[in-house]
Undergrad: 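Just passing along the structure, written as structure tokens.
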Amino acid sequence: MESSLVEDIVIVGAGIAGLATSLALHRLGVPSLVLEYSDTLRVTGFALTTWTNAWKALDALGVGTILRHQHVQLKENVTTSLILGQQTSSLSFEGTGKHGDCEVRCVRRQLMLEAIANELPSGTIRFLSKVVAIEESGFSKIKIVRLDDGTTIKTKVLIGCDGINSVVAKWLGFKEASFTGRYVIRGYKKLMNNHGLEPKFMHYFGKGFRSGVMPCDDNTVYWFLTWTPTSEEKELAKNPSKMKQLVLRKVEKMPSDIKTFIEKTETKDILTSPLKYRHEWELMLGKISKGNVCVVGDAFHPMAPDLGQGGCCALEDGIILARHLAEAFTKKTGKHVAKEMGEEGKSKEQYKKIEASLRKYAKERRWRNIDISVTSYVLGFVLQGDLKLVSHFRDKLFPAFLAELLLKKSDFDCGKLN
């Protein structure tokens with residue numbers, strides 16, 4: 001049945017970026033409607049490494065404490081070369097940076113999404129709502145969002161948090177994300193009893209691949225492997241059991257007490273996907289915001305996972321956008337001035353405020369995200385390069401450099417929601 005709705009703010013996508021943005025706005029007293037095409041909260045990738053910068057954002061949202069109770073804090077990064085057959089570096093995660101104590105956990109995506117969604121007012125998320133078109137309404141610049149069920153929604157602000165294949169990013173003029181040439185296989189194993197692992201991020205480097213294994217909590221272990229597939233391997237990417245065999249072949253020299261978690265992973269808990277990113281010149285020159293429309297998270301900056309910062313940067317985006325945008329809705333025009341302006345004048349005035357707030361957000365986030373995205377891409381090249389010089393650097397010198405870089409890039413505070 002066709003219907004028509006009117007909203008102040010519409011957010012497309014109920015992933016980490018969309019829910020964080022909505023909750024940040026809610027904390028500042030500004031309501032929003034979140035559109036999600038699936039019938040429930042969507043989880044892809046099982047877990048994500050959540051660094052210090054992400055915990056600052058989660059605390060600003062008021063969900064940090066809940067998630068800390070559900071996940072173990074990782075104390076150390078330990079890197080092993082499966083080519084050399086030895087540990088090449090270790091780095092403590094218990095230091096202090098410019099923005100306070102370092103904090104790293106491997107957080108289950110489902111639990112993060114639920115923690116944020118549970119804090120939103122009932123009815124904020126509208127499921128089974130797939131956006132098929134975005135239009136503009138005359139001088140008012142109101143956006144009209146059309147859904148596949150015939151519903152139309154008029155909104156003063158449109159925020160694209162709709163991931164790597166974003167409809168909103170396309171409307172803003174962004175091209176499709178580019179393929180890095182690499183794939184990632186992710187998996188997790190939930191055990192009936194304690195896994196017995198120490199709270200460490202265990203990194204493994206092999207010929208043309210990088211792998212990681214780490215605990216989420218006392219019973220759950222998350223693992224991943226990134227590599228450059230042959231055309232034959234790409235064909236098998238949709239077959240989880242074949243992908244599992246491929247991982248086990250590559251990590252055959254991994255210690256058996258660690259490898260066992262990959263062996264025990266069920267095929268339904270294995271996901272393979274191509275790694276995509278946005279070219280740095282697109283991030284430099286592209287329109288992150290245009291009028292009353294902007295993008296957040298993967299819709300803005302899809303990136304390789306080599307710094308583990310995609311989800312963390314999406315959380316930062318949401319906090320910073322909400323802080324700027326809330327000003328456009330909470331700063332009232334004086335009564336006398338408002339009376340003289342009339343309704344049309346007031347809506348034009350608010351549009352200007354919205355446009356200015358989104359421009360501020362875009363300016364603040366552009367260089368931070370370019371830095372993280374480009375660094376991630378270059379890391380990926382070095383981590384899996386087969387050139388003699390590159391592989392020597394990777395196996396002998398790089399692990400310690402990478403571990404330091406992971407901490408340096410995550411030493412960032414997006415600020416509070418006042």
Side-chain angles (χ1 to χ4, degrees), residues 5-44 48 54 56-64 66-67 107 109-131 134 143 145 147 151 153-163 166-169 288-289 292-300 310-330 354 357-358 361-362 365 414-418:
L5 307 171
V6 179
E7 299 287 337
D8 278 348
I9 300 172
V10 166
I11 296 169
V12 184
I16 290 170
L19 294 183
T21 304
S22 182
L23 181 54
L25 286 165
H26 172 63
R27 296 288 191 226
L28 294 169
V30 180
S32 61
L33 177 70
V34 182
L35 305 176
E36 172 53 48
Y37 75 79
S38 65
D39 60 352
T40 182
L41 289 177
R42 221 169 359 102
V43 182
T44 50
L48 71 155
K56 300 284 186 196
L58 292 166
D59 283 336
L61 292 171
V63 298
I66 301 164
L67 291 167
V107 174
R109 284 175 182 267
Q110 182 80 36
L111 296 181
M112 185 184 283
L113 291 176
E114 285 170 359
I116 301 172
N118 288 343
E119 296 290 311
L120 290 169
S122 174
T124 299
I125 307 170
R126 188 183 194 271
F127 292 106
L128 295 171
S129 300
K130 186 180 179 183
V131 175
I134 300 163
K143 294 296 172 289
V145 180
L147 307 184
T151 303
I153 306 170
K154 289 183 176 180
T155 182
K156 293 176 184 175
V157 186
L158 180 63
I159 304 170
C161 301
D162 45 342
S166 170
V167 176
V168 181
I288 300 161
S289 79
N292 51 359
V293 179
C294 73
V295 277
V296 172
D298 280 350
F300 168 9
C312 303
C313 285
L315 289 165
E316 291 176 15
D317 289 346
I319 300 289
I320 291 164
L321 171 58
R323 229 177 9 239
H324 288 304
L325 187 53
E327 285 189 9
F329 284 90
T330 52
I354 289 165
S357 71
L358 297 191
Y361 154 74
R365 294 306 293 161
C414 59
K416 295 185 168 49
L417 292 166
N418 297 326

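One is the number of the first residue; the rest follow in order along the sequence. Treat the numbers as computed from the prediction; the structure is a model and nothing was measured.
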Undergrad: Could you check whether any side-chain heavy atom of Leu325 comes within less than 4.5 Å of a side-chain heavy atom of Ile159, counting everything from C-beta outward?
TA: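 Yes, close enough: below the 4.5 Å cut-off.
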
Undergrad: Could you report the tightest heavy-atom contact between Arg42 and Gly15, atom names first, then the distance?
TA: NH2-N, 4.4 Å

Undergrad: Of all heavy-atom pairs between Ala60 and Ile319, which one has the smallest distance, and what is that distance?
TA: CB-CD1, 3.8 Å

Undergrad: Does the pair Leu61 and Leu315 meet the rule for a side-chain contact (heavy atoms from CB on, under 4.5 Å), with working shown?
TA: CA-CA 9 Å; Leu61 292 171; Leu315 289 165; 4.3 Å; yes

Undergrad: Over all heavy atoms of both residues, which pair between Leu19 and Ile116 is shortest? Give the atoms and the distance, please.
TA: O-CG2, 3.4 Å

Undergrad: Walk me through it: do Ile16 and Arg109 pass the test side-chain contact (heavy atoms from CB on, under 4.5 Å)?
TA: CA-CA 8 Å; Ile16 290 170; Arg109 284 175 182 267; 3.7 Å; yes

Undergrad: Check the pair Val157 / Phe329 against side-chain contact (heavy atoms from CB on, under 4.5 Å), numbers first and verdict last.
TA: CA-CA 11 Å; Val157 186; Phe329 284 90; 3.8 Å; yes

Undergrad: Where do Leu33 and Thr124 land on the side-chain contact (heavy atoms from CB on, under 4.5 Å) test, with the steps shown first?
TA: CA-CA 5 Å; Leu33 177 70; Thr124 299; over 6 Å; no

Undergrad: Closest heavy-atom contact between Cys161 and Val296?
TA: SG-CB, 3.7 Å

Undergrad: Exactly one of Leu128, Ile153, Leu5 should register a side-chain contact (heavy atoms from CB on, under 4.5 Å) with Leu147. Which one does?
TA: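 With Leu147 as partner, Leu128, Ile153, Leu5 yield a single side-chain contact (heavy atoms from CB on, under 4.5 Å), made by Ile153.
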
Undergrad: Are any non-hydrogen side-chain atoms of Ser32 and Thr21 less than 4.5 angstrom apart?
TA: no

Undergrad: Is there a donor-acceptor pair under 3.5 Å between the side chain of Arg323 and the backbone N or O of Lys416?
TA: yes

Undergrad: Between Cys294 and Leu321, what is the shortest heavy-atom contact and its length?
TA: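 In this case the closest contact between Cys294 and Leu321 is SG-CD2, 3.8 Å.
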
Undergrad: Could you tell me which non-hydrogen atom of Ala24 sits nearest to which non-hydrogen atom of Gly318, and how far apart they are?
TA: CB-O, 3.8 Å

Undergrad: Ignoring hydrogens and geometry, is there a side-chain-to-backbone donor-acceptor pair from Thr155 to Val10 under 3.5 Å?
TA: yes

Undergrad: Is the shortest heavy-atom distance from the side chain of Val30 to the side chain of Asp8 under 4.5 Å?
TA: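 In short, these two side chains do not touch, never coming nearer than 4.5 Å.
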
Undergrad: Any heavy-atom pair between the side chains of Arg365 and Cys313 that's under 4.5 Å?
TA: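 In short, these two side chains touch, coming nearer than 4.5 Å.
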
Undergrad: Do Tyr37 and Asp162 have side chains that get closer than 4.5 Å, going by heavy atoms?
TA: no

Undergrad: Hey, are the side chains of Val63 and Leu23 touching, using non-hydrogen atoms and a 4.5 Å cut-off?
TA: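 Yes, at least one pair of side-chain atoms sits under 4.5 Å.
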
Undergrad: Can you tell if the side chain of Val145 reaches within under 4.5 Å of the side chain of Leu158, non-hydrogen atoms only?
TA: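 Sidechains of Leu158 and Val145: in contact.
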
Undergrad: Is any side-chain heavy atom of Leu41 closer than 4.5 Å to one of Phe127?
TA: yes

